[in-house]
Amino acid sequence: MAVLVTGGAGYIGSHTVVELLEKNEEVVVLDNLKKGHKQAVLGGKFYHGDLRDDQFLDKVFKENDIEAVVHFAAYSLVGESVINPADYYNNNVVSTLRLLTKMKDSGVKKIVFSSTAATYGEPESIPIQEDDKTAPTNPYGETKLAVEKALRWFDSAYDMKYVSLRYFNAAGAHTSGKIGEDHNPETHLIPIIMQVATGRRDKVQVFGDDYNTPDGTCIRDYIHVTDLANAHIAALERLRAGEESGIYNLGNGKGFSVKEVLTTVEEVVGRKINYEIAPRRPGDPAMLVASSEKIMKELRWNPKFNKLETIVETAWKWHSEHPNGFEK
Ligand code: UDP
């Protein structure tokens with residue numbers, strides 16, 4: 001039986017496909033390629049289409065014996081979601097409801113869902129625990145929370161079991177250097193710094209240095225994309241073992257400030273990175289750091305690349321070898 005990976009041509013999806021293939025899983029990848037890259041899909045059976053296309057979805061479910069779904073397909077930029085909530089609700093909520101309904105009708109009862117730390121909003125305390133209050137401060141977080149709520153009701157009504165993984169800051173690239181992060185436009189900190197290092201950009205703008213943190217810049221919990229990918233496999237195993245549904249944070253439990261990330265990149269690439277202090281970015285909490293104790297205990301997940309230097313080294317391998325990302 002196959003594992004269907006929606007959004008499998010995206011950054012985290014493509015890394016998860018690689019880990020699934022290494023475990024000899026039968027993998028079916030579905031992506032509309034609006035943001036994803038066909039070249040990032042290193043194996044499995046590929047379908048190009050959209051979850052909101054009923055005929056297309058019928059075809060994927062008819063042609064394959066799907067056991068479980070790992071659902072990444074979504075938009076994921078906070079700033080964009082504030083400007084265009086309609087697209088976010090449509091692509092993240094409407095698409096997922098179509099998928100869940102198709103799963104229900106086809107008797108597929110296992111789903112691993114790609115959620116986010118943005119479901120919490122401004123944290124009440126650090127590190128963030130899974131039962132902390134969820135009060136998203138942007139449409140992106142709202143759409144992911146809306147899906148988590150739908151999953152709960154699909155579980156209670158149709159016995160569809162889920163694991164929802166609330167990611168903190170995904171970073172780094174596959175150690176092979178074959179796949180990595182390539183967004184257009186790029187908005188994430190580490191790839192932006194890499195673009196300065198490779199000469200594609202003059203400088204990094206540091207969004208605010210007057211936060212209530214030791215050096216005044218925002219603190220985030222960076223987690224290697226392969227560690228993230230492996231958490232999806234651990235989640236799948238939990239569902240296969242017939243365990244209950246669950247929600248888990250996914251981070252390293254250690255925060256780094258924007259300035260610390262800059263210094264680490266300078267050390268790894270051996271170049272000075274030009275930066276300037278810019279105004280705060282709306283919607284950015286000062287500090288987001290996960291407690292990942294629950295996933296470590298219940299899913300026996302353990303990060304392999306939990307040093308920021310290692311995360312940055314793998315990112316640098318990808319960006320220095322592919323300064324223009326995936327060639328079109
Ligand atoms: N950041 C920055 N300059 C940039 C991009 C990001 O100072 O050009 C900061 C941002 O304010 C946040 C951190 O870097 O504190 C991580 O941002 P990113 O967009 O990578 O991830 P997010 O935390 O929004 O998911």
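One-based numbering, in listed order, for ligands and for the atoms of each.
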Colleague: Of Glu25, His174, His232, which meets side chain to side chain contact (heavy atoms under 4.5 Å, CB included) against Glu19?
Modeller: His174
Colleague: Going by the order shown, which atoms of ligand 1 are within less than 4.0 Å of some heavy atom of Val206?
Modeller: 7 (O)
Colleague: Can you find an N or O of Phe207 that's nearer than 3.5 Å to an N or O of ligand 1?
Modeller: yes
Colleague: Answer yes or no: does an N/O atom from Arg220 fall short of 3.5 Å to an N/O atom of ligand 1?
Modeller: yes
Colleague: Just checking, any donor-acceptor pair under 3.5 angstrom between side chains of Thr226 and His15?
Modeller: no
Colleague: Which protein non-hydrogen atom lies closest to atom 20 (O) of ligand 1, naming both residue and atom, and how far is it?
Modeller: Leu189 N, 2.8 Å
Colleague: Below 4.0 Å from ligand 1: does a non-hydrogen atom of Tyr222 turn up there or not?
Modeller: yes
Colleague: Distance to 0.1 Å, residue and atom name: give those for the protein heavy atom nearest to atom 9 (C) of ligand 1.
Modeller: Val258 CG2, 3.7 Å
Colleague: With only distance considered, is Ile192 within less than 3.5 Å of ligand 1 through an N or O on each side?
Modeller: no
Colleague: Does one side chain, of Asn274 or Arg201, offer a donor that lies under 3.5 Å from an acceptor on the other?
Modeller: no
Colleague: Using a strict threshold of under 4.0 Å (side-chain N to carboxylate O), is an ion pair present between Lys272 and Glu266?
Modeller: yes
Colleague: Start with the C-alpha gap between Lys35 and Glu80, add the side-chain angles, then the distance that decides, and say whether salt bridge (Lys or Arg N to Asp or Glu O under 4.0 Å) holds.
Modeller: CA-CA 13 Å; Lys35 303 260 180 178; Glu80 193 178 72; 3.5 Å; yes
Colleague: Going by the atom numbers of ligand 1, which of them fall below 4.0 Å from some non-hydrogen atom of Thr187?
Modeller: 5 (C), 19 (O)
Colleague: May I ask you to identify, for Arg281, whether its side chain, its backbone, both or neither come under 4.0 Å of ligand 1 on a heavy-atom basis?
Modeller: side chain
Colleague: Which residue supplies the protein heavy atom nearest to atom 22 (P) of ligand 1, what is that atom called, and how far is it?
Modeller: Asn169 ND2, 3.4 Å
Colleague: Of all the atoms in ligand 1, which lie at a distance below 4.0 Å from a heavy atom belonging to Gln205?
Modeller: 2 (C), 3 (N), 4 (C), 7 (O), 8 (O)
Colleague: Heavy-atom pairs closer than 4.0 Å: do any link ligand 1 to the side chain of Asp284, the backbone, both, or neither?
Modeller: side chain
Colleague: Give the intermediate values and the outcome of side-chain contact (heavy atoms from CB on, under 4.5 Å) for residues Tyr162 and Ile111.
Modeller: CA-CA 5 Å; Tyr162 68 92; Ile111 180 165; 3.7 Å; yes
Colleague: Scan Tyr11, Phe46, Phe326 and name whichever one has a ring-ring contact (aromatic ring centres under 6.0 Å, His included) with His37.
Modeller: Phe326
Colleague: Quick one: side chains of residues 295-306, donor-acceptor pairs under 3.5 Å with protein atoms, not counting sequence neighbours, listed by atom name and distance.
Modeller:
| from | atom 1 | to | atom 2 | distance (Å) |
| --- | --- | --- | --- | --- |
| Glu298 | OE1 | Tyr248 | OH | 2.7 |
| Trp301 | NE1 | Asp227 | O | 2.9 |

Colleague: I'd like to know if Asp210 and Arg280 make a salt bridge, using a cut-off of under 4.0 Å between side-chain N and carboxylate O.
Modeller: yes
Colleague: Just jot down the ligand 1 atoms closer than 4.0 angstrom to any heavy atom of Cys218, in number order.
Modeller: 15 (O)
